[in-house]
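Treat the numbers as computed from the prediction; the structure is a model and nothing was measured.
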Amino acid sequence: QVQLVESGGGLAQAGGSLRLSCAASGRAFTTYALGWFHQAPGKERECIAAITRRGGTTYYLRSVKGRFTISRDNVKNMLYLQMNSLRPEDTGVYYCAAHSDLDTLVDPEVSSNSLYWGQGTQVTVSS
């Protein structure tokens with residue numbers, strides 16, 4: 001299994017930027033596709049970005065496409081999310097997650113118990 005720890009959250013103004021990081025330890029990092037999930041206050045958690053094991057393919061939810069960039073460093077066992085042009089609706093808790101298959105990672109019908117999760121990091125965007 002893999003252990004995930006997020007960092008980099010905080011307070012930003014609308015239009016600003018933040019970079020989230022997720023450090024992984026445990027089983028071989030490149031065994032997993034990785035994703036970032038966003039849980040807005042009072043809403044369900046949803047996958048906003050994901051990346052395949054070697055980083056060759058990425059997925060973005062429409063609402064973040066063009067503003068957020070997911071990347072991974074398979075040498076450092078790190079996952080990143082560069083968030084630009086932040087909006088107040090980007091406020092919430094951000095989680096990194098892992099699964100061996102990208103399609104499973106981004107499928108909203110898949111049980112959250114099927115994925116490995118970090119503890120989350122809070123992002124607050126003020127208007």
Side-chain angles (χ1 to χ4, degrees):
Q1 61 182 34
V2 62
Q3 292 78 43
L4 304 169
V5 179
E6 302 94 336
S7 61
L11 180 64
Q13 291 190 333
S17 298
L18 283 174
R19 188 194 195 204
L20 305 184
S21 299
C22 177
S25 60
R27 191 180 166 193
F29 187 64
T30 54
T31 299
Y32 298 99
L34 301 169
W36 286 101
F37 286 68
H38 171 230
Q39 186 166 22
K43 295 190 176 180
E44 295 290 320
R45 186 163 49 184
E46 63 180 349
C47 183
I48 58 169
I51 190 167
T52 49
R53 301 175 191 183
R54 300 291 181 182
T57 300
T58 55
Y59 158 86
Y60 294 97
L61 192 66
R62 181 178 293 184
S63 60
V64 306
K65 200 167 188 178
R67 301 190 298 124
F68 292 6
T69 302
I70 188 171
S71 61
R72 64 189 292 166
D73 185 329
N74 286 347
V75 174
K76 296 181 179 179
N77 285 7
M78 295 291 295
L79 175 71
Y80 304 102
L81 184 69
Q82 179 65 43
M83 304 189 296
N84 298 328
S85 302
L86 284 164
R87 303 168 180 171
E89 55 264 37
D90 295 321
T91 292
V93 181
Y94 286 76
Y95 300 88
C96 64
H99 192 276
S100 58
D101 177 65
L102 181 77
D103 289 339
T104 301
L105 192 64
V106 305
D107 186 347
E109 299 300 319
V110 170
S111 168
S112 62
N113 293 333
S114 301
L115 310 182
Y116 294 105
W117 295 96
Q119 83 289 349
T121 187
Q122 174 71 41
V123 170
T124 303
V125 183
S126 61
S127 57

- Task: Check whether I70 and M78 end up in the same hydrophobic cluster, where Ile, Leu, Val, Met, Phe, Trp and Tyr are linked by side-chain heavy atoms less than 4.5 Å apart.
- Result: no
- Message: Is any side-chain heavy atom of R54 closer than 4.5 Å to one of T30?
- Response: yes
- Item | Residue pair L86 / A12: nearest heavy atoms and the distance that separates them | CD1-CB, 3.8 Å
- Task: For the pair H38 (side chain) and D90 (backbone), establish whether a donor and an acceptor sit closer than 3.5 Å, ignoring hydrogens and angles.
- Result: yes
- Check against side-chain contact (heavy atoms from CB on, under 4.5 Å), Y94 and I48: CA-CA 10 Å; Y94 286 76; I48 58 169; 3.5 Å; yes
- Is atom CD of Q119 surrounded by more than 12 heavy atoms (other residues, nucleotides or ligands) closer than 6.0 Å? yes
- Item | V2 versus A24, closest heavy-atom pair with distance | CG2-CB, 4.0 Å
- Is there a donor-acceptor pair under 3.5 Å between the side chain of E6 and the backbone N or O of C96? yes
- Note on the structure: Taking every heavy atom of T69 against every heavy atom of Y60, the minimum-distance pair comes out as CA-OH, 3.3 Å
- Test the R72-Y80 pair against the cation-pi criterion, namely NZ or CZ under 6.0 angstrom from the six-membered ring centroid and within 45° of the ring axis. no
- Message: Can you tell me how far apart CZ (R19) and CE (M83) are? Round to the nearest 0.5 Å.
- Response: 11.5 Å
- Query: Within 45 degrees of the axis of the six-membered ring of Y32 and under 6.0 Å from its centre: does R53 put its NZ or CZ there?
  - Reply: no
- Just how far is it from atom CG of L79 to atom OG of S21, taken to the nearest 0.5 Å? 8.5 Å
- Task: State whether the number of non-hydrogen atoms from other residues, nucleotides or ligands found under 6.0 Å of Q13 atom CD is greater than 12.
- Result: no
- Compare all side-chain heavy atoms of Q82 with those of S71 and state whether any distance is below 4.5 angstrom. no
- Audit row: V123, L20, side-chain contact (heavy atoms from CB on, under 4.5 Å) steps and yes/no: CA-CA 9 Å; V123 170; L20 305 184; 4.0 Å; yes
- Just how far is it from atom NE2 of H99 to atom OG of S114, taken to the nearest 0.5 Å? 6.0 Å
- Task: Can you see which heavy atom on A50 is nearest to which on L105, and at what distance?
- Result: CB-CD2, 4.1 Å
- Query: Are side-chain heavy atoms of R67 and R87 found at a separation under 4.5 Å?
  - Reply: yes
- Task: Measure the CZ-CG distance between F68 and L81 for me, rounded to the nearest 0.5 Å.
- Result: 6.0 Å
- Does the pair Y95 and L4 meet the rule for a side-chain contact (heavy atoms from CB on, under 4.5 Å), with working shown? CA-CA 9 Å; Y95 300 88; L4 304 169; over 6 Å; no
- Where the side chain of T121 meets the backbone of S7, is there a donor-acceptor pair that is under 3.5 Å apart? no
- Item | Donor-acceptor pair between N84 and S17 side chains, under 3.5 angstrom | yes
- Write down the atom of P88, the atom of S127, and the distance for their closest heavy-atom approach. CG-CB, 3.8 Å
- Task: Would you kindly confirm whether W36 and V110 end up in one hydrophobic cluster when ILVMFWY residues are joined by side chain heavy atoms under 4.5 Å apart?
- Result: no
- Determine whether the aromatic ring centres of F37 and W117 lie less than 6.0 Å apart. yes
